[in-house]
Amino acid sequence: MQREPLNTGLDFTPAVGDMAFTPLQRELLTVANRLGRDKFAPRAAQWDREASFPFANYEDLREAGFLRLCVPRDHGGLGADYPTYMMVAAEIGRFCGATALTWNMHICSTMWTGVLADGIAMTEAQRAEHAARRELHFQRIVNDGAVYAQPFSEGSAAAAGRAPFGTTAKKVDGGWLINGRKIFASLSGAADYYGILCTEDVEGKDPDPRDTMYISVPATSEGLTISGDWDPLGMRGTVSRNLTFKDVFVTDAEQLMPRGIYFVGAQTWPAMFFTLAPTYLGLANAAYDFTVQYLRGEVPGEPPVKRRQYPTKQIAVAQMRLQLEGMKALFTRAIAEARPNPGKDEKLRLYAAHHAVMEGANDIARLAIRTCGGQSMMKHLPLERLYRDSRCGSLMLPWTAELIVDRMGRETLYEPGEKDA
């Protein structure tokens with residue numbers, strides 16, 4: 001029986017591939033593709049060259065309503081769910097990796113407190129507290145166009161979930177005193193609020209990851225300083241400098257989750273840490289797209305020289321497509337399965353998808369450079385930037401490539417609670 005061709009309702013193939021999209025997904029993907037093609041791609045070289053933040057792109061995101069993409073509709077947002085965000089983020093990553101990666105930090109501040117928090121077990125009192133406080137953060141974004149960052153790293157095992165954070169929050173009258181330091185803090189100097197993960201400083205108690213707090217620190221807070229140079233290999237437009245907190249006071253209202261709920265959420269929703277991957281799926285698509293254009297002699301501004309007739313080039317493109325299709329298949333299945341308390345196979349597939357995308361993006365970029373040849377390394381073309389940006393993915397906590405392999409092996413061979421004698 002012959003099947004009818006899939007009608008996606010789009011005039012382009014999204015970075016996640018063809019599938020039966022919802023009306024909202026079609027609408028958002030169309031906007032993301034237009035912004036990326038017309039605005040983000042032409043500017044990408046500037047942010048990379050200057051290692052400067054893509055402020056102009058954020059004005060476009062704000063105007064399109066994309067800063068409130070995952071804010072629930074009843075709070076004034078677009079109401080995008082987890083799979084929808086992941087699809088749209090991949091499309092943006094196709095045109096500017098730094099914009100997609102930093103936008104992820106902002107979106108997670110709304111997704112974690114929104115649709116993901118709705119799937120986390122809380123007491124009635126905690127649920128009421130969270131509902132009241134997230135309204136403040138949502139309205140800052142909806143009404144004021146505020147941007148939230150999400151600094152994790154401290155140079156320790158904390159960002160990988162294996163130790164308490166060194167940054168602390170101590171309860172005082174009316175709020176909290178924050179002390180500590182974050183490194184690789186994307187959106188440094190660009191965010192209006194920094195949603196930091198820190199450990200509650202409880203008198204007489206050793207630091208414990210179960211006491212992790214998720215608290216927003218306004219950028220204008222006294223005692224918050226930004227320091228350090230920023231001149232990295234790739235993802236230069238993220239401007240991920242150091243944040244230092246010295247007796248920074250924030251009110252109780254700045255809590256993004258009630259006390260202790262972040263730790264529960266991290267156990268409940270492992271897919272919350274998969275949200276870095278769409279950026280790199282987008283980069284992989286971009287490297288493949290450029291290679292096809294280049295071999296067909298269709299790169300704008302370049303001589304229309306065709307190189308597609310060589311068997312070695314054809315084989316290389318086939319290898320790239322094979323790897324890209326595998327990445328897309330794992331990615332789309334993982335986002336479709338994302339839910340609270342997933343089963344063992346679902347978690348292992350999630351890990352596999354993350355590893356495949358983060359390592360595969362750079363491998364496809366490597367193949368692209370080898371296939372296109374020396375001309376592709378010139379900085380007026382995007383491929384060398386795509387190669388550098390894609391190399392950064394498997395290094396990012398909490399799920400580096402090494403940690404993913406460690407998790408997969410351990411969780412395959414041990415059931416929860418099992419130990420060797």
Side-chain angles (χ1 to χ4, degrees), residues 24-25 27-28 30-32 34-35 39-40 53-82 84-85 88-89 92 99-118 120 126-151 174-176 178 185-197 213-222 224 226 239 243 248-258 261-262 265 272 275:
L24 178 61
Q25 288 166 352
E27 177 187 345
L28 296 175
T30 299
V31 174
R34 174 177 53 78
L35 285 178
K39 302 289 185 69
F40 299 167
F53 189 77
F55 284 105
N57 292 359
Y58 270 72
E59 286 303 315
D60 293 328
L61 290 170
R62 185 177 286 109
E63 184 176 343
F66 273 27
L67 294 186
R68 51 189 176 90
L69 186 93
C70 289
V71 174
R73 286 187 178 275
D74 57 2
H75 291 274
L78 301 185
D81 61 9
Y82 181 93
T84 301
Y85 161 69
V88 175
I92 291 177
T99 297
L101 197 60
T102 52
W103 185 58
N104 168 72
M105 314 298 177
H106 168 82
I107 288 295
C108 283
S109 300
T110 62
M111 188 194 303
W112 289 10
T113 56
V115 64
L116 266 63
D118 292 341
I120 300 172
Q126 287 171 329
R127 185 71 65 191
E129 173 191 336
H130 182 64
R133 286 182 176 150
R134 74 179 180 182
E135 176 68 18
L136 167 68
H137 301 286
F138 289 160
Q139 291 311 306
R140 285 171 174 170
I141 294 166
V142 171
N143 296 334
D144 306 329
V147 173
Y148 277 67
Q150 198 178 52
W176 301 84
I178 311 295
S186 297
L187 298 97
S188 297
D192 300 295
Y193 300 90
Y194 297 93
I196 65 164
L197 293 169
M213 301 288 297
Y214 185 27
I215 298 181
S216 169
V217 177
T220 55
S221 299
E222 185 177 351
L224 168 60
I226 301 173
V239 189
L243 301 179
V248 175
F249 174 79
V250 297
T251 67
D252 284 319
E254 295 299 340
Q255 291 181 67
L256 287 159
M257 287 182 175
I261 292 300
Y262 169 81
M272 68 192 286
T275 61

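Any value given below was found using the heavy atoms of this structure, including those in side chains, with hydrogens, waters and symmetry copies removed.
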In Å and rounded to the nearest 0.5 Å, what is the [atom1] to [atom2] distance from [X] to [Y]?
X	Y	atom1	atom2	value
Asp81	Cys70	CG	SG	8.0 Å
Ile92	Leu61	CD1	CG	5.5 Å
Met257	Arg133	CE	CZ	13.0 Å
Tyr148	Trp112	OH	CH2	14.5 Å
Lys39	Asn57	NZ	CG	9.0 Å
Asp144	Arg62	CG	CZ	10.0 Å

Begin from the C-alpha positions of Ile107 and Thr275 and carry the test side-chain contact (heavy atoms from CB on, under 4.5 Å) through to its verdict.
CA-CA 9 Å; Ile107 288 295; Thr275 61; over 6 Å; no

One thing to verify: whether Arg134 and Asp118 come together as a salt bridge, which I'm taking to mean a side-chain N less than 4.0 angstrom from a carboxylate O.
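So Asp118 pairs with Arg134 through a salt bridge.
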
Would you say Trp176's side chain and Ile215's backbone share a donor-acceptor pair under 3.5 angstrom?
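No, Trp176 side chain to Ile215 backbone: no donor-acceptor pair under 3.5 Å.
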
Would you confirm whether His130, through its side chain, and Thr113, through its main-chain N or O, come within 3.5 Å as a donor-acceptor pair?
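Pair found, side chain donor or acceptor close to backbone of Thr113.
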
Restricting to side chain to side chain contact (heavy atoms under 4.5 Å, CB included), what partner residues turn up for Val248, sequence neighbours left out?
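Listed in chain order: Ile178, Val217, Ser221, Leu224, Phe245, Val250.
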
Among residues at least two apart in sequence or on other chains, which ones pass side chain to side chain contact (heavy atoms under 4.5 Å, CB included) with Ala253?
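Applying side chain to side chain contact (heavy atoms under 4.5 Å, CB included) to Ala253 gives Leu136, Thr251.
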
Least distance between heavy atoms, [X] atom then [Y] atom:
X	Y	value
Ile196	Pro151	CG2-CG, 3.5 Å
Gly189	Ile226	N-CD1, 3.3 Å
Ala191	Ala219	O-CB, 3.4 Å
Leu35	Ala64	CD1-CB, 4.0 Å
Ser109	Ala149	OG-O, 3.7 Å
Leu67	Gly145	CD1-O, 3.6 Å

Apply side-chain contact (heavy atoms from CB on, under 4.5 Å) to the pair Tyr262 and Met272, showing each step before the final yes or no.
CA-CA 11 Å; Tyr262 169 81; Met272 68 192 286; 4.0 Å; yes

Counting only heavy atoms from other residues, nucleotides and ligands, does the tally under 6.0 Å from CD of Gln139 exceed 12?
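More than 12 heavy atoms, drawn from other residues, nucleotides or ligands, come within 6.0 Å of this atom.
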
Leu28 vs Phe66, test: side-chain contact (heavy atoms from CB on, under 4.5 Å). Steps then yes/no.
CA-CA 9 Å; Leu28 296 175; Phe66 273 27; 3.8 Å; yes

Sequence neighbours left out, what passes ring pair (Phe, Tyr, Trp, His ring centres under 6.0 Å) with Tyr58? Give chain and number order.
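Per chain and number, Tyr58 pairs via ring pair (Phe, Tyr, Trp, His ring centres under 6.0 Å) with Phe53.
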
